[in-house]
Amino acid sequence: QVQLVESGGGLVQPGGSLRLSCAASGFTLDDYTIGWFRQAPGKEREGVSCVSHRYGFTYYADSVKGRFTISRDNAKNTVYLQTNSLKPEDTGVYYCAAGYKVSLGSSSRFYAPNYDYWGQGTQVTVSS
């Protein structure tokens, strides 16, 4: 059974950090592009970061570039999203997703329908 499970969310003050985890089961994570998306209340889901299959190329939304880092541990079949210098506007539910054939062009790498499997999400709240 294919499953993605996110963890690591929570409440953090502005400027703080969290490390989100996405653990995969039922398939080999390295065969897929893995993306992190987030959705704030009343807003559309947006792509945050992704890491490509095989070569592990990484991509980031402009809003998080320099603050977030995506990484993959193939031995643990897990992808991480290290989030630093968090801002209130980073608040939302963070989802990881796996896509088997995701085009990594700028207009498609964060196109949600390209991703085949989704986790249930983990809440990140940045507030003082």
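Count residues from 1 along the sequence.
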>> Walk me through whether Phe57 and Val51 qualify under side chain to side chain contact (heavy atoms under 4.5 Å, CB included).
In response: CA-CA 5 Å; Phe57 297 127; Val51 56; over 6 Å; no
>> Under the criterion ring-ring contact (aromatic ring centres under 6.0 Å, His included), I'd like the reasoning laid out for Phe110 against Tyr59: C-alpha separation, chi angles, the key distance, then a yes or no.
In response: CA-CA 9 Å; Phe110 295 136; Tyr59 303 88; 7.7 Å; no
>> Please evaluate residues Arg19 and Thr83 with respect to the criterion side chain to side chain contact (heavy atoms under 4.5 Å, CB included), reporting the C-alpha separation (whole Å), side-chain torsions for both, the decisive distance (0.1 Å), and the verdict.
In response: CA-CA 6 Å; Arg19 188 176 81 155; Thr83 66; over 6 Å; no
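A donor-acceptor pair under 3.5 Å is formed between the side chain of Tyr60 and the backbone N or O of Ile70. Put simply, the side chain of Gln13 never gets that close to the backbone of Ser128: no donor and acceptor are under 3.5 Å apart. For the pair Asn114 (side chain) and Ser108 (backbone), a donor-acceptor distance under 3.5 Å is present.
Around atom NZ of Lys43, no more than 12 heavy atoms belonging to other residues, nucleotides or ligands sit under 6.0 Å away. Around atom CD of Glu89, more than 12 heavy atoms belonging to other residues, nucleotides or ligands sit under 6.0 Å away.
Pairing each heavy atom of Ala98 with each of Leu4, the nearest pair is N-CD1, 3.7 Å. Taking each heavy atom of Gln123 and Thr91 in turn, the nearest pair found is NE2-CG2, 4.1 Å. Closest heavy-atom contact between Lys76 and Thr78: O-OG1, 2.8 Å. Contact detail for Gln120 and Val5: the closest heavy-atom pair is OE1-CA, 3.8 Å. Scanning both residues, Asn84 and Ser17, for their nearest heavy atoms gives OD1-OG, 2.9 Å.
Atom OG of Ser127 is separated from atom CG of Leu11 by 6.5 Å, given to the nearest 0.5 angstrom. Note: Asn77 CG to Ser25 OG = 8.0 Å, rounded to the nearest 0.5 Å.
Looking at heavy atoms from C-beta onward, Val48 lies out of side-chain contact with Phe37 at the 4.5 angstrom threshold. Looking at Thr122 and Val93, their side chains never come closer than 4.5 Å, going by heavy atoms from C-beta outward. Within the 4.5 Å cutoff, the side chain of Arg38 has heavy atoms near those of the Ser63 side chain. A 4.5 Å side-chain heavy-atom check between Arg109 and Thr33 finds every atom pair outside the cut-off. With a 4.5 Å cut-off on side-chain heavy atoms, Tyr32 and Ser52 do not count as touching. Counting only heavy atoms from C-beta outward, the side chains of Gln39 and Glu46 never approach each other to under 4.5 Å. Counting heavy atoms from C-beta on, the side chains of Val79 and Trp36 come closer than 4.5 Å. The shortest distance between side-chain heavy atoms of Ser49 and Leu81 falls below 4.5 Å.
A cation-pi arrangement, defined by a distance under 6.0 Å to the six-membered ring centre and an angle within 45 degrees of its axis, is present between Arg45 and Tyr95.
Between Arg54 and Asp30 no salt bridge is recorded (no basic side-chain N to carboxylate O distance below 4.0 Å). Looking at Asp90 and Arg67, a side-chain N of the basic residue comes within less than 4.0 Å of a carboxylate O on the acidic one, giving a salt bridge.
Connection of Trp118 to Tyr111 is not established within any shared hydrophobic cluster, with ILVMFWY side chains joined at heavy-atom distances below 4.5 Å, either directly or through further cluster members. When the side chains of ILVMFWY residues are joined at heavy-atom separations under 4.5 Å, either directly or via intervening members, Leu18 and Tyr80 end up in two distinct hydrophobic clusters.
Note on ring orientation: taking the six-membered ring where Trp is involved, the planes of Tyr94 and Phe68 are tilted (angle from 30° to 60°).
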